[in-house]
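Beneath this line is the structure, given in structure tokens, with notes to follow.
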Amino acid sequence: VQNLTIWRLCQERVITAVNGSLPGPTINVREGDTLVVHVYNLSPYNLTIHWHGVFQLLSGWADGPEYTTQCPMLPGQSYIYNFTITGQEGTLWWHAHVQWLRATVYGALIIRPGAGSSYPFPKPYKEVPIVLGEWWNANVFDVESEALASGGAPNISNAFTINGQPGEWWNANVFDVESEALASGGAPNISNAFTINGQPDTFKLREVVQGKTYLLRIVNAALNNHLFFKIANHKMTVVAVDASYTNPYVTDVVVISPGQTTDVLLIADQPPASYYMAAHAYDSTDGVVEFDNTTTTGIIVYDGAIESAPIMPVLPAFNDTPTAFKFFSNLTGLVTSPFWAPVPLNVDEPMFITIGLGLAACAANATCGGLFGHSLAASMNNASFQFPSKLSMLQAFFNNVDGIYTTDFPDQPPLIFDYTNANNSLNQSLLMTTKSTKVKKVKFNATVEMVMQNTALIGVENHPIHLHGFNFYVLAQGLGNFDPVNDPKKFNFDNPQKRNTIAVPVGGWTVIRFRANNPGVWLMHCHFDVHLPWGLATAFVVENGGTPSSTLPPPPLDLPHC
């Protein structure tokens with residue numbers, strides 16, 4: 001992991017990258033394999049790598065989030081991540097888990113069936129990773145640092161990418177350029193790039209064979225944006241999300257949140273030609289905050305196609321919440337898949353968690369850029385999470401060290417109010433939060449149920465919540481405030497989708513359930529990187545179970561120390 005000089009958006013930039021590429025290398029394994037990754041930090045920054053969605057059964061020391069399961073590797077240090085992929089098939093991914101470094105330190109992790117096993121669908125002709133990213137014409141550390149120092153929001157990205165490339169539509173609508181110039185009587189804006197054969201930095205899937213089926217493994221590695229993804233004139237069939245098989249779901253648009261993966265089957269059933277794949281933001285705030293409104297494109301080129309301009313899909317409107325909610329809420333789990341287990345019916349730890357933005361008091365003698373002169377913050381149940389810095393929480397758990405975290409994360413919000421009422425958005429009596437390192441402690445094998453309720457504080461937004469170390473069942477989703485009397489009647493106990501990252505609907509709620517069968521410390525946080533340092537996180541401390549197969553083993557000898 002080291003500096004790489006790269007050309008994007010007509011600029012030369014120095015980024016942090018893995019093995020000299022963006023994205024980093026795709027790692028291919030089979031279920032049951034043990035993966036050993038030697039990471040050498042030759043970058044100027046602290047570093048950890050997180051294996052997003054991997055269960056890490058009894059290998060929590062390899063999970064990766066800084067100050068949760070390890071202290072970061074300092075520049076010049078190294079660490080060996082060693083873990084076994086158990087009970088999982090599909091698409092996951094890996095990324096840096098230190099500040100905003102994952103903007104360029106990421107790649108796909110593909111888990112194919114073990115020997116003697118096969119997909120629960122016909123074997124595709126070809127498999128293609130489609131990794132969606134986000135690009136800044138700036139040093140991302142500086143972008144984050146400036147925002148945290150000011151207490152305000154960070155600068156938005158300049159482009160989205162497909163497999164590291166922004167494509168040719170990233171910042172141009174030539175009709176708008178011409179119209180604005182003619183209306184003003186002045187000169188038009190200059191172009192953003194020159195091209196070779198019409199293609200500046202565009203991913204191409206070439207020699208697509210008509211009639212064949214392709215498995216697209218889509219990853220949203222963007223830092224702060226949900227994305228709509230379409231392919232012109234083609235339908236897609238969703239067959240897995242977050243490395244969990246689904247019942248086939250046919251759609252012409254995929255909605256994917258930061259941290260999520262979606263596997264789709266694409267049948268090349270159109271006349272031989274060139275077709276754009278395209279993605280742009282789903283802005284769940286409905287324009288309340290500034291967002292990156294560019295479009296990234298790749299091109300599917302059929303074998304034998306005559307050279308012509310590719311056909312462009314019509315993407316949903318940026319604020320198309322009905323389309324996003326329909327997609328997210330219509331997926332169901334494939335109960336005949338190899339690792340399906342019934343939903344646990346008895347709940348040991350019921351929790352109701354409000355999630356959203358807020359404000360933290362501005363430091364003395366400082367000027368803050370948030371509302372009312374305070375710093376922007378985020379919280380769960382009004383507890384704004386602050387990571388330790390002296391020791392990782394997992395080390396504190398293993399060695400029984402006090403003072404690193406407290407186990408008093410509340411099961412309920414401190415105040416009941418009309419959570420999604422926009423009239424409360426700027427209610428100063430509800431906005432203030434305080435920093436703490438509160439976690440939830442549960443017994444080994446306990447069943448945890450969480451009602452995650454979005455709030456309208458500061459503004460409504462769809463929050464992608466990621467739970468480390470586990471998959472969870474998504475029992476139900478809805479808009480508005482959760483109704484504890486009527487909404488449980490909607491719970492799907494038969495075939496709910498399983499995920500590790502859930503997009504809690506804008507102005508709505510989600511109910512998830514999981515069995516805490518993995519001892520250790522497991523972070524739960526919003527996968528918008530802008531919200532994690534603001535405090536939208538907590539962690540679960542799962543106690544040892546009392547047997548060797550349910551007890552966290554000692555740490556590796558090369559575990560980085562603080």
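Taking the six-membered ring for Trp and thresholds of 30 and 60 degrees, Y245 and F121 have ring planes more than 60 degrees apart, a perpendicular arrangement. The aromatic rings of W136 and W100 lie tilted to each other, with the angle between the two planes from 30° to 60°. Ring-plane geometry between H525 and H468 is classed as tilted, the angle between the planes lying from 30 to 60 degrees on a 0 to 90 degree scale. Note: F482 and F352 have tilted aromatic rings, judged against thresholds of 30 and 60 degrees for the angle between ring planes. Taking the six-membered ring for Trp and thresholds of 30 and 60 degrees, H52 and H95 have ring planes inclined between 30 and 60 degrees apart.
Residues V264 and T262 have side chains in contact (heavy-atom distance under 4.5 Å, counting atoms from C-beta outward). By the 4.5 Å heavy-atom criterion applied to side chains, V451 and I353 are not counted as neighbours.
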Pair S257-H463, side-chain hydrogen bond (donor to acceptor under 3.5 Å, both in side chains): steps then yes or no = CA-CA 9 Å; S257 296; H463 292 279; over 6 Å; no
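A salt bridge between D252 and K230 is present, with a side-chain N of the basic residue lying under 4.0 Å from a carboxylate O of the acidic one. The pair E89-R112 does not meet the salt-bridge criterion, since no charged nitrogen lies less than 4.0 angstrom from a carboxylate oxygen.
Using modelled atom types, one finds a donor on one side chain and an acceptor on the other under 3.5 Å when comparing S429 with N427. A donor-acceptor contact under 3.5 angstrom links the side chains of S244 and N471, judged on distance only. Side-chain atoms of T323 and Y282 include no donor-acceptor pair closer than 3.5 Å.
Within the structure, side-chain hydrogen bond (donor to acceptor under 3.5 Å, both in side chains) pairs that include any residue of residues 368-381 comprise T354-N381 (at least two apart or interchain). For residues 396-409, the set of pairs meeting the side-chain hydrogen bond (donor to acceptor under 3.5 Å, both in side chains) definition, not counting sequence neighbours, comprises T406-D408. Every pair passing salt bridge (charged side-chain N to carboxylate O under 4.0 Å, His left out) that includes a residue from residues 526-541 is listed here, sequence neighbours excluded: R102-D529. Screening residues 332-341 for side-chain hydrogen bond (donor to acceptor under 3.5 Å, both in side chains), with sequence neighbours left out, gives N247-T332.
Looking at F514, F409, F470 one by one, the single match for ring-ring contact (aromatic ring centres under 6.0 Å, His included) with F540 turns out to be F514.
No close placement of the Y106 and H50 rings is indicated, their centers lying 6.0 Å or farther apart. Outside the 6.0 Å centre-distance limit, the rings of Y81 and F83 are not counted as a close aromatic pair.
Here E349 pairs with K440 under the salt bridge (charged side-chain N to carboxylate O under 4.0 Å, His left out) rule; sequence neighbours left out. Taking the salt bridge (charged side-chain N to carboxylate O under 4.0 Å, His left out) definition, one finds that K438 meets it with nothing, sequence neighbours left out.
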